[in-house]
J.: 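What follows is a structure written as structure tokens; I'll ask about it next.
Residues take their numbers from the sequence shown, with the count starting at 1. This is a predicted model, so every value here is computed, not measured.
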Amino acid sequence: MTPRELLNLVDWLRAQGMSNDKVVECLEAVEGCKIILQDTSADTKKQE
């Protein structure tokens, strides 16, 4: 991915309402730097 494409992606993700932390998490996942395991029960507990 070129730097311009990366910036376009960041702009688009922010326009979709993603926080900066989520944008970074997304980019790390795309690059393969981080394995994301979603535990929806943990997310639900945080919201309560």
J.: Please round to the nearest 0.5 Å and tell me the distance separating atom SG of Cys26 and atom CG of Asp21.
T.: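 It is 13.0 Å, given to the nearest 0.5 Å.
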J.: Rounded at 0.5 Å granularity, tell me how far CG in Leu9 sits from CZ in Arg14.
T.: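 Here the rounded value is 10.5 Å.
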J.: Quick check: is Leu13 connected to Leu7 through a chain of hydrophobic side chains (ILVMFWY, heavy atoms under 4.5 Å apart)?
T.: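 Looking at the clustering, Leu13 is in a separate group from Leu7.
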J.: Tell me every residue that passes side chain to side chain donor-acceptor pair (under 3.5 Å) with Thr2, counting only those two or more places apart in sequence or in another chain.
T.: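 In terms of side chain to side chain donor-acceptor pair (under 3.5 Å), with neighbours along the sequence ignored, Thr2 is linked to Glu5.
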J.: Is it the case that one hydrophobic cluster holds both Val30 and Trp12, taking links as side-chain heavy atoms less than 4.5 Å apart, direct or via other members?
T.: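 In one cluster: no.
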